Number of protein chains: 2
Amino acid sequence: MSRSARSGTREEILDAASWLFAATGFKGTSLQDIAGAVGCSKAALLYHFDGKDAILAELLAPAVEAFETLDARLAALGDEAVRRAAVEGFVDLVMRFRREVTVLYGDLPDLLQRPAFAGVQEMTDRLLAALTGRSAEPAARAAALLVLGGVPVACMEPCGIGDDELRSALVRSAARALDPTGA
Amino acid sequence: MSRSARSGTREEILDAASWLFAATGFKGTSLQDIAGAVGCSKAALLYHFDGKDAILAELLAPAVEAFETLDARLAALGDEAVRRAAVEGFVDLVMRFRREVTVLYGDLPDLLQRPAFAGVQEMTDRLLAALTGRSAEPAARAAALLVLGGVPVACMEPCGIGDDELRSALVRSAARALDPTGA
DNA sequence: GTCTATACAATGATAGAC
DNA sequence: GTCTATCATTGTATAGAC
């Protein structure tokens, strides 16, 4: 049945897409999935938006805008104050836009659930426990997650630094992040 | 591996797929892209492999195996030694299998290059500089990358901890990781 | 055993009817 | 303005040539 044309369809699309992107990833969500959740046709989506990318862009616009605000704020600070402000501002930004960040990182859990990775999730959980020294404290777990997510990113980026130097820098920095007796 | 060493097509496929997956992501690489790089047909790929997932599985198998080795080694350690071993073992693992890790995280750079994120890359570079206190030291940059990659991961994982507690734990841990005067 | 040829359902996207 | 009809491309599957 052709459903009556409504003007609230745009918001419905954004809402459904936000949920689906976070749950199954951007590439893992088809226009038909979104259309099915909204209750309209695939082509109807493409009337309201210029494509799948446009839906993503509109969903992430507030997060990008907040990032721009932080960027401008940091630019006005001196070298000694900028680091503390950057740490707190970045943490705040990510926590405030958790849903959007989940969309950005959403394709990784998708990959990890493939048969090729049977057991990897469990090993990762044990690695997390090891990184905390098998502590059950939430703060220790948070630090371990920071290391777990940060080391691969640091290794992927080409940073004009030798492998040995990068390795020792990461080991030292990660050890400090995990140190419960630290500052 | 291959009993009839008449053709090295299998290895050529793995080599091309490894390069393409790292460059454009898993979902962003089509079988036709791989076939084109190898110089064979799409169907020829599917003779050698049971599908796109099977190519990925074989590419990542050595990394998964090394992870299993680390997992077993950590299981034999006591609580006080396990953390240091986990840190070093994890860093070593990720650095040794950089290419494979890049494949796993490969869909994120793909997303970041969309028009929706014009300027985000530059802001991220400035955020990195801020996290180092605008220092040019490679070790400081490595620590900043660790924080940049780790905070989102820590925020995405449900860890049964209040938002305020998680925030302060992350701010403290990230500050320690970035502290150049630390241990 | 290795591969070409062909067909298939589902995807993102477009043109044009109403 | 909204949606039907259609398109090229994707991953996958089968048949059969050498």
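Labels below follow one simple rule: chain letters A, B, ... track the order of the sequence lines, proteins then strands, and each chain is numbered from 1. Worth saying up front: this structure is predicted, and the values here are computed from it rather than measured.
One atom, CZ of Phe49(A), and another, C1' of dC3(D), lie 16 Å apart when rounded to the nearest Å.
The salt bridge (Lys or Arg N to Asp or Glu O under 4.0 Å) search around Arg114(B) returns Asp53(A), Asp110(B), not counting sequence neighbours. Every residue meeting the salt bridge (Lys or Arg N to Asp or Glu O under 4.0 Å) condition with Arg126(B), not counting sequence neighbours, appears here in chain and number order: Asp71(A). With sequence neighbours left out, Thr29(A) forms a side chain to side chain donor-acceptor pair (under 3.5 Å) with Thr24(A). Applying the ring-ring contact (aromatic ring centres under 6.0 Å, His included) test to Phe26(B) and every residue at least two apart in sequence or in another chain returns Phe21(B). Ser30(B) is linked by a side chain to side chain donor-acceptor pair (under 3.5 Å) to Asp33(B), counting only residues two or more places apart in sequence or in another chain.
His48(B) has a side-chain polar atom (N or O) that falls below the 4.0 Å cut-off from OP1 or OP2 of dC3(C). Side-chain N/O atoms of Ser41(A) include none lying less than 4.0 angstrom from OP1 or OP2 on dT2(D). Between dT2(D) and Tyr47(A), a contact under 4.0 Å exists linking OP1 or OP2 to a side-chain N or O.
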Query - Base versus backbone protein contacts along nucleotides 9-16 of chain C [heavy-atom cut-off under 4.0 Å; B, S, -] - result: --SBBB--
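Hydrophobic clustering (ILVMFWY, side-chain heavy atoms < 4.5 Å, transitive): Tyr47(B) and Val38(B) are in distinct clusters.
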